[in-house]
Amino acid sequence: TAPLNVLLIIVDDLRPSLGCYGDKLVRSPNIDQLASHSLLFQNAFAQQAVCAPSRVSFLTGRRPDTTRLYDFNSYWRVHAGNFSTLPQYFKENGYVTMSVGKVFHPGISSNYSDDSPYSWSIPPYHPSSEKYENTKTCRGPDGELHANLLCPVDIADVPEGTLPDKQSTEQAIRLLEKTKTSTRPFFLAVGYHKPHIPFRYPKEFQKLYPLENITLAPDPEVPAGLPPVAYNPWMDIRQREDVQALNLSVPYGPIPVDFQRKIRQSYFASISYLDTQVGHLLSALDDLQLANSTIIVFASDHGWALGEHGEWAKYSNFDITTRVPLMFYVPGRTAPLPEAGEKLFPYIDPFSSVQELMEPGRQVTDLVELLSLSPTLAGLAGLHVPPRCPVPSFHVELCREGQNLMKHFQVEDVEGDPHLRG
Amino acid sequence: NPRESIAYSQYPRPADSPQWNSDKPSLKDIKVMGYSIRTIDYRYTVWVGFSPHEFLANFSDVHAGELYFVDSDPLQDHNMYNDSQGKDLLQHLMP
C-alpha cells in the first residue's frame, strides 16, 4: 500500500531501433530485458519531432499548439500558460522529485533552470563533461582533434576521462542509494544524451557493428511525390567538420553511401553504449531492492532518420522521426513482484557472445501519443488523474490533453496469480 | 477498437521549399505548419498557412498534402494525397 516510486528514463533522439521493437541488428539487451517485464507500446508517437517542443509537451501534458513552443525560444509559463508539469504534480503529492541529465531541454524553454523550483525538490544535476560534447575531441584519420559527427573516443583520451551519460548514471545511482533512507517516495528522472549527435561514444562499441554488416536505409532516395515543404534538409549534421568535408549539395545531398553506412554504424553503436548505461542503472535499482516498489518508464523525445527518404536527423512528420519507444514496468502489474533476492534486471553485457533471446513482455499495438505519458503515470502511481483540458486551456494550470492509457494495464486474471498486486 | 486510436503530430516550416532554417525555424519565421493524423491504416498530413502572431493555422490555405497507407506503403515513400482526392478527405476531417 506504500506509494510506488517512479524512475523515468528519457533518451535523446532514440528511434525504436531496439531488439524489443524487432530490430535484428541492434544489441540492446538491457533495454530488452526491461521490456520483457513491461507493457510495451509498439506505436507511440511524439507530438513534434524536435527536442524542446516534444519534451515540454509531454512533461506538461499539453500539445505544442497549447504550449506554443515550436522552437527553443520561449518558456511556457511566461509565453502560454502556467501549466503544471508531471514532476511538479508528483512533488505536490509528496514525492521527492529529482532530475539527472537532459530531462527538460536546457535554456530558455525551461527557464534556464529545468523548471526549478516548480518541478524539482533538489537542484537538477547536469554532468560536468557535457561542456566538451561539441568541442574538438574527436581524433580524425589525420590524428588531429575535430568536432565531428562521427566521434568514437578513447575514454582515457577525452577531457575529464569520462562522458556525460556515464556521469549521469553514477549520479542517478548515488541518488537511489540516498532514497533508501528516506520515508518519502521518489520520482527520479534520468535524461540520457546519446544517441543525440555528435555520435561520441566509447570506440569499442563500434566493434558490435562491423561496416560490412551495415546496410543503407531501405528507401534512401527522396520520394518523388514528397512535397518540398515536408522535406527536412538536415542542416545540423552539415555543421560538423567531417560532414562539411564532404562538400554536400544543399538541400538534397546525397551523402556518399560509405559515409551513410558510417553514420548508421555510429548511431547503432551509440544505442548499445546507452543500453549499458541503462543496464547499470537498473541493476543498481535491483541491488537496492527497489525493483518491487518502483515504476520504471522508458521513452524518448522523438525518433531520428538514418537516410530514409534521403533524410537525416529529426525535424519532420515522418513516422521514422515521430515514432518513439515507450514502455512501463509496474511491479505486480506488468510483472509478478520479484521473490526475495530475485533479480529482475541483472546487468547484461552487449559484448557477450551469448545473447539469450528475451521473452517479450506484453505489447499494445494501438496508436498512442507521448502526451499520454503523464496522465498514465499519475494513474499507475495511484494519484488522481488530472481532468481533460477544456479548449482552449491556457488559463488552466492542471489538466491533460493526452489520453489516460490505464485501460491497457488491466491484468487478465488477477485472481489467478497471488503475486499480482490487486 | 484499435481503429479508433489516433496520434497527432505537427511540424513548422519557414517556407514551402527547403532552406537553411527549415529544420528549426524560430517562431517569428514560421509560415507553414504540417499537421499529421495517424491511425493504424494511414498517415494524413496537411501543410497549411500559419500565423505566428495569432498562433492560428489556416486550414483553407493548404500548401501541400501527404497521404500514406500503412499496409501498402509502410515506409511512406508513395504520397497518395493528390491521387486520391486527399483534398476531399481534408473536408471530411475538418474539425
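The basis for the numbers below is simple: all heavy atoms, side chains too, and nothing from hydrogens, waters or symmetry mates. Throughout, a chain's letter reflects where its sequence line sits, starting with A, and its residues are numbered from 1.
With a 4.5 angstrom heavy-atom cutoff, B:A15 touches chain A only via backbone atoms. A:A230 touches chain B through backbone and side chain together, each having a heavy atom under 4.5 Å away. Interface remark: B:E66 contributes side-chain atoms only to the contact with chain A (heavy atom separation under 4.5 Å). Of the atoms belonging to B:W47, it is side-chain heavy atoms, and not backbone ones, that fall under 4.5 Å from chain A.
Considering CZ of B:R38 and CD of A:E369, their distance stands at 9.5 Å, rounded to 0.5 Å. One finds the OH atom of B:Y11 at 8.5 Å from the OG1 atom of A:T321 (value rounded to the nearest 0.5 Å). A distance of 9.5 Å separates CD in B:Q76 from CG in A:D219, rounded to the nearest 0.5 Å. In this structure, the separation between OG on B:S9 and NE2 on A:H302 is 12.0 Å, given to the nearest 0.5 Å. Interatomic distance, B:R13 CZ to A:Y70 OH, rounded to the nearest 0.5 Å: 15.0 Å. Between the CD1 atom of B:I40 and the CG atom of A:N43 there is a distance of 8.5 Å, given to the nearest 0.5 Å.
Contact record, A:P233 with B:Q19: CG-O, 3.8 Å, taken as the closest heavy-atom pair.
Open room surrounds CD on A:Q403; 12 or fewer heavy atoms of other groups in view lie less than 6.0 Å from it. Environment of CD in A:E221: sparse, with no more than 12 heavy atoms of neighbouring residues, nucleotides or ligands closer than 6.0 Å.
Side-chain N or O atoms of B:H63 include none that pairs as donor or acceptor with a backbone N or O of A:P227 at under 3.5 Å. At least one donor-acceptor pair under 3.5 Å links the side chain of A:H309 to the backbone N or O of B:L75. Distance alone, capped at 3.5 Å, is enough to place a donor-acceptor pair between the A:Q47 side chain and the B:Y8 backbone. Counting only distance, with no hydrogens or angles, the side chain of B:D23 and the backbone of A:W234 share a donor-acceptor pair below 3.5 Å.
Among B:A7, B:A64, B:S26, the residue with the largest count of heavy-atom pairs under 4.5 Å with chain A is B:A7. By number of non-hydrogen pairs under 4.5 angstrom with chain A, the leading residue of B:S36, B:S17, B:P52 is B:S36. Interface remark: of the candidates A:N232, A:N73, A:V222, A:D65, A:D65 forms the most heavy-atom pairs closer than 4.5 Å to chain B. Options A:P53, A:S372, A:S316, A:P251 differ in how many heavy-atom pairs under 4.5 Å they form with chain B, and the most are formed by A:S316. Among the candidates A:R63, A:Q48, A:R68, the residue making the largest number of heavy-atom pairs closer than 4.5 Å to chain B is A:R68. Per-residue heavy-atom pair counts under 4.5 Å with chain B were compared for A:D71, A:D236, A:I320, A:D319, and the maximum is reached by A:D319.
When the disulfide bond (SG atoms under 2.5 Å apart) test is applied to A:C399, the partners found at least two apart in sequence or on another chain are A:C389. Taking A:R55 as the reference, A:D12, A:D301 meet the salt bridge (Lys or Arg N to Asp or Glu O under 4.0 Å) condition, with sequence neighbours excluded.
Using a 4.5 Å heavy-atom threshold, the side chains of B:N79 and A:L226 count as separate. Residues A:N317 and B:R43 are in side-chain contact: their nearest non-hydrogen atoms beyond the backbone lie under 4.5 Å apart. For the pair B:P18/A:Y252, a side-chain contact is recorded, criterion being any heavy-atom separation below 4.5 Å from C-beta on.
Classification of the A:F318-B:Y68 ring pair by plane angle, with boundaries at 30° and 60°, yields tilted.
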